[in-house]
Every structure is written in structure tokens, then in C-alpha cells.
Amino acid sequence: MSSTAFDQFAHRITFVTAQLTDRGIPLTAPAPAADPTDPWTSSRPLPLDRSTLAWCTAAQMLADHHHTGIDRQVLSADALLRELGVRGLAQLHSDLRNGAPVDHRYTRCPYCSGIGEDPTQPTCEDIGCPPEYQFAGHDHICPVCRGDDYQPQWFAEEHMQKLEDLLAGAVEDERPTRSRPGTWLRRRGLRP
């Protein structure tokens with residue numbers, strides 16, 4: 001990956017954390033109080049770091065969708081990452097598109113910006129790769145888009161060619177012959 005990709009991730013984090021700091025919102029969310037009688041209590045009562053790329057991405061996505069400031073989406077981003085983790089970004093992306101599945105070949109991934117690799121560059125030990133997969137240069141795919149390659153122009157051309165081939169085949173199959181109209185009319189009880 002080029003350094004410009006990393007620069008945009010750092011810029012996203014800096015932009016969001018600067019807004020939080022300006023408004024006096026702490027960069028660490030306290031752990032929610034565990035209440036066994038409350039069914040809505042978080043299942044992960046741990047402090048949450050609001051300066052991670054995943055949290056900043058969630059807050060930015062929610063703020064852009066609702067046309068609000070990031071400070072209005074702090075609790076929503078906290079809840080999303082506390083309950084679903086980084087993979088919750090994929091669910092959020094789908095939900096913001098009315099529940100439709102998102103094809104990341106045509107839609108840029110909000111987490112990795114379409115590069116297909118995990119932007120945090122975790123080590124094999126962090127992820128828990130089997131020893132046989134731990135080798136130099138081993139890439140880890142993005143947990144949101146699952147490594148889909150964002151290339152809408154190339155995939156669109158390929159997809160359009162398939163559709164044109166299907167349409168041409170359907171037109172050839174439906175081309176009427178001399179006997180076909182008469183057969184069609186006889187099946188319906190009409191005279192040809």
C-alpha cells in the first residue's frame with residue numbers, strides 16, 4: 001500500500017479526534033455499568049478507545065448519513081463498536097443503504113477505502129493466523145469488505161459484456177420461425 005492510503009487513515013483519525021477534543025468529549029468511553037436486570041446492557045463492559053480507525057469511521061459514517069456533527073453520533077458509534085466490533089461497520093454500511101447488500105467491487109469500503117487490506121496492518125499474532133500462514137508479506141484482508149477489490153470501471157465493463165451476451169442469446173432463442181406463431185395460436189385455441 002502506498003503512503004497516501006495511510007495518510008488518509010491518519011487524517012480521518014485526526015479529523016474526528018480533533019472534533020471530539022474541541023467539544024470536550026473524552027477519547028476513551030467509560031465502561032457501561034453492568035446491570036443484570038436491564039436487557040439492553042452491553043455485553044462487552046470494557047472501556048472503548050474513540051481514537052481507533054474503526055470508531056472514527058463509524059462516527060463519520062453516522063454523521064454523514066444523518067447530516068449532523070460527529071459529537072451527536074458519539075453514543076451510536078460507541079454502541080456499534082461495543083456490540084459488533086469492526087465487523088459492525090459492514091452491517092452499518094448495509095443498514096445505511098436500506099438493508100441492501102453492499103457490493104464492495106462497485107462501492108468503496110468505508111473502512112479500508114477500497115484497498116482490500118486491513119488498514120491497521122495487524123500482525124499474524126494479533127489476528128491469530130495459523131503458523132503455516134505466517135510468512136513475510138502476508139496480507140490480512142479488510143474485515144468489512146472481506147478483501148473485495150474496488151474497481152468499478154473494470155467490473156462494470158465485464159458485467160455489461162455478460163449482460164450483452166445474455167441478451168444476444170435470448171434474442172436469438174426468441175426469434176420466431178414460420179411455424180412458431182401458428183403453434184402458439186393453436187395452443188390457445190385460436191386459428192392461425
Side-chain angles (χ1 to χ4, degrees), residues 1-32 42 44-97 101-130 133-155:
M1 292 188 322
S2 66
S3 63
T4 57
F6 289 116
D7 291 344
Q8 80 179 10
F9 301 138
H11 175 71
R12 186 183 313 160
I13 291 169
T14 304
F15 175 73
V16 172
T17 56
Q19 287 190 19
L20 294 177
T21 305
D22 289 347
R23 289 170 177 77
I25 299 171
L27 295 180
T28 303
S42 174
R44 297 182 186 175
L46 300 172
L48 186 66
D49 184 7
R50 292 179 178 151
S51 63
T52 63
L53 180 61
W55 193 92
C56 293
T57 302
Q60 186 70 53
M61 287 172 66
L62 288 163
D64 289 347
H65 178 73
H66 293 290
H67 306 290
T68 64
I70 288 175
D71 58 323
R72 304 275 316 264
Q73 301 302 327
V74 169
L75 297 177
S76 299
D78 287 350
L80 176 75
L81 289 181
R82 192 168 268 138
E83 291 300 318
L84 300 175
V86 176
R87 293 200 173 134
L89 292 174
Q91 182 65 44
L92 175 63
H93 198 197
S94 175
D95 290 348
L96 294 180
R97 296 179 179 277
V102 178
D103 189 347
H104 287 102
R105 296 176 302 168
Y106 300 100
T107 305
R108 189 178 302 275
C109 174
Y111 187 54
C112 72
S113 297
I115 58 176
E117 295 177 23
D118 192 332
T120 60
Q121 291 189 317
T123 63
C124 288
E125 293 82 27
D126 294 340
I127 293 182
C129 294
Y133 293 121
Q134 295 181 11
F135 53 87
H138 172 67
D139 294 328
H140 298 104
I141 64 171
C142 174
V144 176
C145 68
R146 305 272 192 221
D148 280 345
D149 193 13
Y150 174 73
Q151 292 186 12
Q153 294 84 6
W154 187 83
F155 285 115

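Only this structure's heavy atoms are used, side chains among them; waters, hydrogens and symmetry mates stay out. Residue numbers start at 1 and run along the sequence shown.
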### Task
Check whether any side-chain heavy atom of L92 lies under 4.5 Å from a side-chain heavy atom of L62, and answer yes or no.
yes

### Query
When you look at V74 and L20, which way does the side chain to side chain contact (heavy atoms under 4.5 Å, CB included) test go after all the steps?
CA-CA 9 Å; V74 169; L20 294 177; 3.6 Å; yes

### Query
Short question: side chain of H140, backbone of E117 - any donor-acceptor pair under 3.5 Å?
no

### Message
With a 4.5 Å cut-off on side-chain heavy atoms, are D71 and Q19 touching?
### Response
no

### Query
What's the spacing between Q60 CD and I70 CD1 if we round to 0.5 Å?
4.0 Å

### Message
So, taking the atom named CD in Q73 and the one named CG in L80, what distance separates them when rounded to the nearest 0.5 Å?
### Response
11.0 Å

### Query
Is there a donor-acceptor contact under 3.5 Å from the side chain of R50 to the main chain of W55?
no

### Summary
Between A54 and L81, the two heavy atoms sitting closest are C-CD1, 3.6 Å

What side-chain donor-acceptor pairs closer than 3.5 Å can you find for residues 9-17, not counting sequence neighbours?
from, atom 1, to, atom 2, distance (Å)
R12, NH1, T57, OG1, 2.7
R12, NH1, P110, O, 3.1
R12, NH1, Y111, O, 3.4
R12, NH2, S113, OG, 3.1
T14, OG1, A10, O, 2.8
T17, OG1, I13, O, 2.7
T17, OG1, T14, O, 3.3

### Query
So which heavy atom on A77 is nearest to which on A58, and how close?
CB-CB, 4.2 Å

### Where C109 and C112 come nearest, the two heavy atoms and their spacing
SG-N, 3.6 Å

### Query
Which atoms form the tightest heavy-atom contact between H93 and R108, and what is the distance?
CE1-O, 3.8 Å

### Message
Could you measure the distance from the CZ atom of R23 to the CZ atom of R72? Nearest 0.5 Å is fine.
### Response
11.0 Å

### Task
Could you check if a side-chain atom of R146 sits within less than 4.5 angstrom of a side-chain atom of R87, using non-hydrogen atoms only?
yes

